[in-house]
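What follows is one structure encoded as structure tokens, with my remarks underneath.
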Amino acid sequence: MTDTTTPAAAARVLAPEDGDRARFFVDDIVVKERRGAFDIWTAEIHAGCEPPMHIHHREDEWLCVIEGRITAFVDGAEIAVGAGSIGFLPRGVAHTYAVDTGVARMIAINSPGGFASMFGDVERAFAGEVPDAPRPQDGAVMGPVFEAYGIEMVGPNPRYA
């Protein structure tokens, strides 16, 4: 991955294979950039592997769906986010999403940065093993990892409640 420790990093293009890869249960995550101001990551997300309802206390989140469709659950509302749409999930507001099309692909941005390192920590918490039932609802494992990143689990994903 490109050195991003200097604020004036050189202009560049990141190819699909560039970045740090992690498995979030059955989802494939590629962290493209980590900077103080933001993180950018891509994901191939699967129905049944969505996070529980949670609150980011440190960062805002933008989800740009590039293939498929998701439903964002934000502060009691359900918002359809289809291919080409961008959903904004502000810090301090309970949210999650559910995949409507079996599989979806998205680009996500978190600001400020720091959040994207959580994916590797989750993978290590499960010792690299993907559970057979791939829902990241396990508070015993997810809770401590989420808490380390200022993320509070506040309930189940409404799609599966």
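The structure displayed is predicted, hence computed values, not measured ones.
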Heavy-atom donor-acceptor pair, [X] side chain to [Y] backbone, under 3.5 Å:
X	Y	answer
Asp39	Gly114	yes
Asp60	Arg91	yes
Thr71	Ala98	no

Identify the heavy atoms of [X] and [Y] that sit nearest to each other, and give their distance.
X	Y	result
Ala47	Tyr160	C-OH, 3.8 Å
Pro52	Gly155	CB-O, 3.3 Å
Pro156	Ala161	CG-CB, 3.9 Å
Phe73	Asn157	CE1-OD1, 4.1 Å
Pro112	Gly36	CB-O, 3.6 Å
Val65	Gly82	CB-O, 3.6 Å

Listed partners of [X] passing side chain to side chain contact (heavy atoms under 4.5 Å, CB included), at least two apart:
X	result
Ala104	Ile45, Ile70, Val99, Thr101
Val30	Arg21, Lys32, Thr42
Ala15	Glu17, Asp18
Ser117	Arg34, Tyr149

Step by step, work out the side-chain contact (heavy atoms from CB on, under 4.5 Å) result for Leu63 and Val81.
-> CA-CA 9 Å; Leu63 304 178; Val81 186; 5.8 Å; no
Got Met53 and Pro158 here, is their nearest side-chain heavy-atom distance under 4.5 Å?
-> yes
With sequence neighbours left out, what residues match Asn110 under side chain to side chain donor-acceptor pair (under 3.5 Å)?
-> Trp41, Glu61
Give the other cluster members for Ile66, using side-chain heavy-atom distances under 4.5 Å between Ile, Leu, Val, Met, Phe, Trp and Tyr residues; answer none if it is isolated.
-> Phe38, Ile40, Trp62, Ile86, Phe88, Ile107, Ile109
Pairs involving [range], ordered by first then second residue, that meet salt bridge (charged side-chain N to carboxylate O under 4.0 Å, His left out) (sequence neighbours left out):
range	answer
residues 75-86	none
residues 146-161	Asp100-Arg159
residues 102-116	Glu67-Arg105

Which residues pass the ring pair (Phe, Tyr, Trp, His ring centres under 6.0 Å) test with His56, sequence neighbours left out?
-> His54, His95, Phe115
Going through the distances and angles, do His57 and Ile55 end up as a side-chain contact (heavy atoms from CB on, under 4.5 Å)?
-> CA-CA 6 Å; His57 291 287; Ile55 299 171; 3.6 Å; yes
Salt bridge (charged side-chain N to carboxylate O under 4.0 Å, His left out) partners for Asp27, two or more places apart |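 Testing Asp27 for salt bridge (charged side-chain N to carboxylate O under 4.0 Å, His left out), a comparison that skips the adjacent residues, returns none.
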